[in-house]
Structures are given as structure tokens and as C-alpha cells.
Protein chains: 2
Amino acid sequence: MMLSRASKYAILSTLYLAEHANENRKISVKVIAESIDVPSPFLAKLFQQLVKGKIISSTKGPNGGFYLTKKNQKKSVLDIIENIDGLIKINECFLGLNECDGSNPCPVHFIVERFKNSIFEKFRDKNIMELSEEIVANGRKLTLKDISPEV
Amino acid sequence: MMLSRASKYAILSTLYLAEHANENRKISVKVIAESIDVPSPFLAKLFQQLVKGKIISSTKGPNGGFYLTKKNQKKSVLDIIENIDGLIKINECFLGLNECDGSNPCPVHFIVERFKNSIFEKFRDKNIMELSEEIVANGRKLTLKDISPEV
DNA sequence: ACTATATGAGATAAAAAGGTCTTAATATAT
DNA sequence: ATATATTAAGACCTTTTTATCTCATATAGT
């Protein structure tokens with residue numbers, strides 16, 4: 001029931017692409033890595049995998065970089081998580097029990113279940129572009145940098 | 001917002017102690033490790049730390065083992081988590097953002113907040129003995145073993 | 001064609017988490 | 001006192017995760 005750092009980086013940077021890139025304006029790993037403050041060689045690896053998984057797109061060479069096609073924009077955050085972590089982890093019992101379900105629940109099973117449903121609403125039932133637009137509309141910055149107040 | 005395996009083991013085995021041990025009936029690592037199916041040398045290490053943290057108690061020698069005093073029983077699951085993982089991890093932003101709070105929320109901040117509050121009700125506002133009694137009353141087995149139906 | 005600039009791929013390294021082993025210390029029972 | 005059972009402590013090993021490095025490949029612009 002938790003994301004690896006890899007998944008978090010992948011989510012943030014894909015949402016970054018959704019907001020800032022398109023087929024005519026591709027963005028390099030380096031720029032994204034600096035913008036959201038993640039280690040760039042690590043992000044490069046993640047992007048390779050996301051491209052293979054058809055979550056994002058890329059072109060090589062000058063003015064190349066990463067971006068989302070219309071089709072990519074329809075993918076969900078859960079697709080990203082599935083691509084990077086797999087879905088097992090996010091569905092595991094919070095206390096690690098092998099057998100934990102409605103008829104055999106751990107002490108926090110129903111609490112976790114409710115949470116998971118809400119998360120899935122955002123991460124499965126909404127596509128990346130929709131989520132990105134929501135974030136932009138709310139004026140949020142998704143970065144791992146410290147956001148220092150301007151002086 | 002997630003527990004390490006170490007924390008999970010510690011929680012399960014402390015709840016095991018709450019249910020099965022007391023000052024007159026101490027239980028050895030080996031027995032507990034087998035009962036809930038966790039690696040026993042690893043659990044031994046965790047128990048050392050829990051003893052230092054005054055979450056559980058121990059005595060050496062024949063008929064020795066681990067158990068909970070009245071004082072230990074008043075500790076909470078959150079005390080266990082704090083002792084093993086520290087509290088930072090459980091309070092981190094679900095997406096890993098450095099700055100994520102009510103006035104600067106990540107896309108799932110309020111969902112996570114609600115979840116955290118519910119978890120805290122069980123893990124901070126209830127002591128170990130109370131939680132254990134609740135679990136016993138509900139007839140739950142907290143083990144990592146597969147619970148195979150009896151033939 | 002050549003050069004510069006990107007990504008792609010695979011090997012490698014470093015750090016963290018998970019797990020084991022060995023020896024010492026201590027308490028109990030005989 | 002001695003043997004035995006148990007935890008305590010610390011070193012050690014393994015696996016997974018995170019991160020880096022190097023070289024190959026593709027593309028654009030000149």
C-alpha cells in the first residue's frame with residue numbers, strides 16, 4: 001500500500017510532461033530532472049521504461065525529448081504505478097498479512113479499503129491529462145524542491 | 001505513509017505477546033517466530049530494540065522470554081512504529097513532495113489525511129491491550145502464515 | 001556528410017532493507 | 001557449582017532499491 005520512490009518520480013515527471021510538453025515541444029530528461037528535483041540518470045532509466053510501456057513518448061536527437069501523445073494522455077496514474085512497481089504492492093495488506101479480505105480482515109482492513117477506493121478514483125478513473133488539468137486549475141506545483149517563498 | 005516489514009513484524013508479534021504472554025508466562029522468540037511465521041533471528045533483533053524502547057519486556061535464562069508488563073500494555077501501536085521506523089515515514093506525503101499540507105496540498109493530500117486520521121484512531125488512541133482485545137473478540141488470527149482451511 | 005544533441009541499453013556502484021551467525025551475558029533449576 | 005535455556009550485542013551477509021556511468025544509436029540542422 002505504498003509507492004516506491006521510482007513510482008513517485010515517474011508520476012511527478014509524467015504530470016510535468018502533461019503540463020509542459022507536447023508533440024511540438026519535447027522536453028529533455030535533464031530539464032525535467034532539474035525542474036522537479038530528481039536525480040537525472042535515474043529518471044532517464046524510468047523514462048526508458050515508461051516509453052516501453054507506452055505511457056510516454058520520446059524522440060532522439062536535437063530538439064528531441066519526451067512528451068505525451070493524445071493516446072498517452074489517456075493513460076492513468078495507475079498505469080504508471082503498474083508499469084514501475086507492479087500492482088501487487090499497492091494491493092497488499094497494510095499489516096502484511098497473507099490473507100486479509102472482507103471476510104478475514106486485519107484490524108485496519110476496512111479503513112485501508114476505503115482509502116484505496118478514494119485513491120483509485122483519482123489514479124485509475126481519471127486520466128493523466130484530466131488529473132494534470134485539475135492540478136493546474138488548483139495552482140499546485142508538483143516538485144520535490146523546497147518551494148521557498150519569493151522575497 | 002507505509003510500514004517497513006520490520007514494523008509489521010514488530011506489530012504482529014507484540015500483539016501476539018499481548019494475547020498469549022504475561023509476567024508468569026514468557027514466550028521465546030523461537031515460538032513467536034514460528035507462530036506468526038517471521039524469520040526468527042530478524043525478530044530477535046527487533047525484540048532487542050523494542051525492549052530498549054520499553055515497549056516489551058524480557059528475561060533471560062530458562063523459562064525466560066518476552067512478555068508485556070502492565071505498563072507495556074499501555075503503549076500504542078504507534079509507539080512500536082515510532083520505535084522501529086520512526087514517525088517521519090508515516091507522515092510523509094504520499095507522492096513524496098517536500099511541502100504538502102492543507103494550504104499546499106498534493107492531489108491526494110486530503111484523502112491521505114482522512115486515512116491517516118482513521119489509522120491513528122486505532123494506532124495511537126488505542127493501547128496495545130485494547131487493540132488486542134478487540135482483535136480477539138473478533139476472532140482474528142494475526143499471522144503471516146497461510147491460514148489453510150482445516151480438513 | 002558532419003556535428004551536435006538527444007534517447008536507448010546495459011553494466012556497474014552505492015545505499016538501504018532484510019536477514020543470519022557467533023559469542024557473551026544472565027537467569028533458572030538441579 | 002554446574003548445566004541449560006534464553007536474551008543481548010555486534011559483526012556479517014544478501015537482496016532490493018536507488019543511482020551512476022559508458023557507449024551505442026538516432027535525429028536535426030548545417
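Labels below follow one simple rule: chain letters A, B, ... track the order of the sequence lines, proteins then strands, and each chain is numbered from 1. These figures come from a predicted structure and were not determined experimentally.
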Practice problem: Classify the side chain of B:Lys45 versus the base of D:dG10 as yes if they form a donor-acceptor pair under 3.5 Å and no if they do not. | Solution: yes
To the nearest Å, give me how far apart [atom1] ([X]) and [atom2] ([N]) are.
X: B:Phe42; N: C:dC21; atom1: CZ; atom2: P; answer: 14 Å
X: A:Asp37; N: D:dA19; atom1: CG; atom2: C1'; answer: 14 Å
X: B:Gln49; N: C:dA17; atom1: CD; atom2: C1'; answer: 13 Å
X: B:Leu46; N: C:dG19; atom1: CG; atom2: P; answer: 9 Å
X: B:Ile56; N: D:dA8; atom1: CD1; atom2: C1'; answer: 12 Å
X: A:Tyr67; N: C:dT7; atom1: OH; atom2: P; answer: 12 Å
X: A:Lys54; N: C:dG8; atom1: NZ; atom2: P; answer: 12 Å
X: A:Glu23; N: D:dT27; atom1: CD; atom2: P; answer: 15 Å

Indicate whether any N or O donor in one side chain lies under 3.5 Å from an N or O acceptor in the other, for [X] and [Y].
X: A:Thr143; Y: A:Asp37; result: no
X: B:Asp85; Y: B:Ser7; result: yes
X: B:Ser76; Y: B:Lys126; result: no

Quiz item: With nearest nucleotides of DNA chain D determined for B:Ile27 and A:Leu43 from heavy-atom distances, which residue corresponds to the more 5′ nucleotide?
Solution: B:Ile27
Self-check item: Toward the 5' end of DNA chain D, by each residue's nearest nucleotide, A:Ala6 or A:Gly64
Solution: A:Ala6
Practice problem: May I ask you to say what B:Pro39 touches in the nucleic acid, namely base, sugar-phosphate or nothing, with a heavy-atom cut-off under 4.0 Å? | Solution: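 It contacts sugar-phosphate atoms only.
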Practice problem: Quick one: label A:Lys52 by what it contacts on the DNA or RNA (base, sugar-phosphate, nothing), any heavy atom closer than 4.0 Å. | Solution: sugar-phosphate
Looking only at side-chain N and O atoms, does [X] come under 4.0 Å of OP1 or OP2 in [N]?
X: B:Asn63; N: C:dA29; value: yes
X: B:Arg5; N: C:dG19; value: yes
X: A:Ser58; N: C:dG8; value: yes

Per [X] side chain, nearest of listed nucleotides [options]:
X: A:Tyr9; options: C:dT7, D:dA19, D:dA8; answer: D:dA19
X: A:Lys60; options: C:dT26, C:dA11, D:dA26; answer: D:dA26
X: B:Ser28; options: D:dT7, D:dT18, C:dC21; answer: D:dT7
X: A:Gln48; options: D:dA8, D:dA28, C:dA9; answer: C:dA9
X: A:Phe66; options: C:dT7, C:dT5, C:dA27; answer: C:dT7
X: B:Pro62; options: D:dA28, D:dT4, C:dC21; answer: D:dT4

Quiz item: Is B:Lys54 atom NZ crowded by more than 12 heavy atoms from other residues, nucleotides or ligands, each under 6.0 Å away?
Solution: no
Quiz item: Do the non-hydrogen side-chain atoms of A:Phe94 and B:Phe115 ever get within less than 4.5 Å of each other?
Solution: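 With C-beta onward as the side chain, the pair touches.
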Quiz item: Shortest non-hydrogen contact from B:Phe47 to B:Ser13?
Solution: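 Closest pair (atom of B:Phe47, atom of B:Ser13, distance): CE1-OG, 3.4 Å.
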